[in-house]
Q: 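My structure is below; once you've seen it, I'll send some questions.
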Amino acid sequence: QVQLVESGGGLVQAGGSLRLSCAISGRTLSSYAMAWFRQAPGKEREFVATTTWNGGGTYYADFVKGRFTISRDNAKNTVDLQMNSLKPEDTAVYYCAASRVVGIHPPVDYWGQGTQVTVSS
């Protein structure tokens with residue numbers, strides 16, 4: 001059974017950085033696109049970033065371009081999200097996701113349980 005487990009969330013001041021990591025277990029997902037989504041209180045889940053199966057292509061939501069970087073290591077079965085210049089509006093639960101399709105609204109095959117990121121002003 002595939003499991004995606006996120007880690008690295010926490011409380012940080014505005015302008016700070018966090019690095020989220022998603023550990024994949026159960027099987028290799030090296031042929032899958034991997035993505036990060038987030039959901040703030042009272043809002044719908046939204047796309048943050050995605051990377052193609054080999055990391056050769058990356059796509060970002062406009063509100064994180066230039067601040068966040070997605071990366072993957074298929075040998076280690078991990079996907080990371082480096083978040084810099086964090087803003088209070090980045091506060092949300094961040095989810096790791098795997099899909100056989102690359103896109104900002106992909107049909108997600110696997111979800112992680114989420115990790116909380118809180119940015120204080």
Side-chain angles (χ1 to χ4, degrees):
Q1 181 160 349
V2 174
Q3 280 194 310
L4 307 180
V5 179
E6 301 95 335
S7 61
L11 174 63
V12 65
Q13 288 189 331
S17 298
L18 281 175
R19 188 176 184 88
L20 305 184
S21 187
C22 174
I24 305 163
S25 63
R27 57 167 286 193
T28 179
L29 296 181
S30 58
S31 63
Y32 282 64
M34 297 299 299
W36 288 91
F37 289 78
R38 71 184 188 186
Q39 187 167 20
K43 295 188 176 181
E44 293 187 352
R45 191 175 300 188
E46 62 183 356
F47 166 80
V48 174
T50 188
T51 178
T52 54
W53 69 275
N54 63 353
T58 55
Y59 306 92
Y60 298 91
D62 287 343
F63 52 77
V64 302
K65 280 182 181 176
R67 300 189 298 126
F68 291 11
T69 303
I70 188 171
S71 61
R72 69 187 295 166
D73 187 331
N74 286 338
K76 295 181 179 179
N77 249 6
T78 58
V79 181
D80 290 348
L81 184 69
Q82 177 67 42
M83 306 187 295
N84 299 327
S85 303
L86 284 162
K87 306 175 182 179
E89 51 264 43
D90 293 320
T91 295
V93 177
Y94 284 72
Y95 297 91
C96 178
S99 172
R100 282 167 285 185
V101 178
V102 175
I104 63 173
H105 296 294
V108 174
D109 294 282
Y110 305 104
W111 288 101
Q113 84 289 349
T115 185
Q116 176 70 46
V117 171
T118 303
V119 184
S120 63
S121 57

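Only a predicted model underlies this, so the values are computations on that prediction, with no experimental measurement involved.
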Q: Enter the distance from N77:CG to R72:CZ here, rounded to the nearest 0.5 Å.
A: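 Atom-to-atom, N77:CG and R72:CZ are 8.5 Å apart.
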Q: Going by atom type alone, with no hydrogens or angles, which donor-acceptor pairs under 3.5 Å involve a side-chain atom of residues 56-66 and a protein atom two or more places apart or on another chain?
A:
{"unit_1": "Y60", "atom_1": "OH", "unit_2": "I70", "atom_2": "N", "d": "2.9"}
{"unit_1": "D62", "atom_1": "OD1", "unit_2": "K65", "atom_2": "NZ", "d": "3.1"}

Q: Could you state the interatomic distance from CG (L81) to OG1 (T115), rounded to the nearest 0.5 Å?
A: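 Here the interatomic distance stands at 11.0 Å.
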Q: Please tell me if the side chains of T28 and N74 come closer than 4.5 Å, counting only heavy atoms from C-beta onward.
A: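 Side chain of T28 against side chain of N74, heavy atoms only: no contact under 4.5 Å found.
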Q: Partners of D73 by salt bridge (charged side-chain N to carboxylate O under 4.0 Å, His left out), sequence neighbours excluded?
A: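 Residues passing salt bridge (charged side-chain N to carboxylate O under 4.0 Å, His left out) with D73: none at all.
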Q: Are V12 and W36 co-members of a hydrophobic cluster defined by side-chain heavy atoms under 4.5 Å apart?
A: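 Yes, same cluster.
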Q: List the steps, then state whether side chain to side chain contact (heavy atoms under 4.5 Å, CB included) holds for D109 with R100.
A: CA-CA 7 Å; D109 294 282; R100 282 167 285 185; 2.6 Å; yes
Q: Which donor-acceptor pairs under 3.5 Å do the side chains of residues 41-48 make with protein atoms, sequence neighbours left out?
A:
{"unit_1": "E46", "atom_1": "OE2", "unit_2": "R38", "atom_2": "NE", "d": "2.8"}
{"unit_1": "E46", "atom_1": "OE2", "unit_2": "R38", "atom_2": "NH2", "d": "3.3"}

Q: State whether a side-chain donor-acceptor pair under 3.5 Å links Q82 with N84.
A: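 Yes.
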Q: Would you call the rings of W111 and Y95 parallel, tilted or perpendicular, where under 30° means parallel and over 60° means perpendicular?
A: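 Because their plane-to-plane angle is over 60°, the rings of W111 and Y95 count as perpendicular.
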Q: Just how far is it from atom CD1 of I24 to atom SG of C96, taken to the nearest 0.5 Å?
A: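 It is 6.0 Å, given to the nearest 0.5 Å.
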Q: Can you tell if the side chain of F37 reaches within under 4.5 Å of the side chain of P106, non-hydrogen atoms only?
A: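 Yes; the side chains approach each other to less than 4.5 Å.
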Q: Where is the tightest heavy-atom contact between G9 and V117, given as atom of each residue plus distance?
A: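 Between these two residues, the closest heavy atoms are CA-CG2, 4.2 Å.
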Q: Which distance, rounded to the nearest 0.5 Å, do you find between the OG of S71 and the CE of M34?
A: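 Rounded to the nearest 0.5 Å, the OG-CE separation comes to 11.5 Å.
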Q: How close do V101 and P107 get, heavy atom to heavy atom, and via which atoms?
A: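 The answer is CB-CD, 4.0 Å.
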Q: Give me the atom names and distance for the closest heavy-atom approach of T91 to A40.
A: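 Between these two residues, the closest heavy atoms are O-CB, 3.6 Å.
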Q: Tell me whether L11 shares a hydrophobic cluster with Y94, the cluster being built from Ile, Leu, Val, Met, Phe, Trp, Tyr side chains joined at under 4.5 Å.
A: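 As far as the 4.5 Å side-chain criterion goes, Y94 and L11 are not connected within one cluster.
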Q: In Å and rounded to the nearest 0.5 Å, what is the CD to OG distance from Q13 to S121?
A: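 Those atoms lie 9.5 Å apart.
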Q: Keeping the roles fixed (side chain from E6, backbone from Q113), state whether a donor-acceptor pair exists under 3.5 Å.
A: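 Between the backbone of Q113 and the side chain of E6 there is a qualifying donor-acceptor contact (under 3.5 Å).
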Q: At what distance, to the nearest 0.5 angstrom, does OG of S17 lie from CZ of F68?
A: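 One finds 9.5 Å between OG of S17 and CZ of F68.
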Q: Minimum heavy-atom separation for A33 and T50, please, with both atom names.
A: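 That would be CB-OG1, 4.3 Å.
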Q: According to a 4.5 Å side-chain heavy-atom criterion applied to Ile, Leu, Val, Met, Phe, Trp and Tyr, with indirect links allowed, do V79 and Y110 form part of one hydrophobic cluster?
A: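 Yes; Y110 is reachable from V79 via cluster members.
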Q: Kindly give the heavy-atom pair with the smallest separation between R67 and S85, and that separation in Å.
A: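 Reported closest heavy-atom pair: NH1-O, 2.9 Å.
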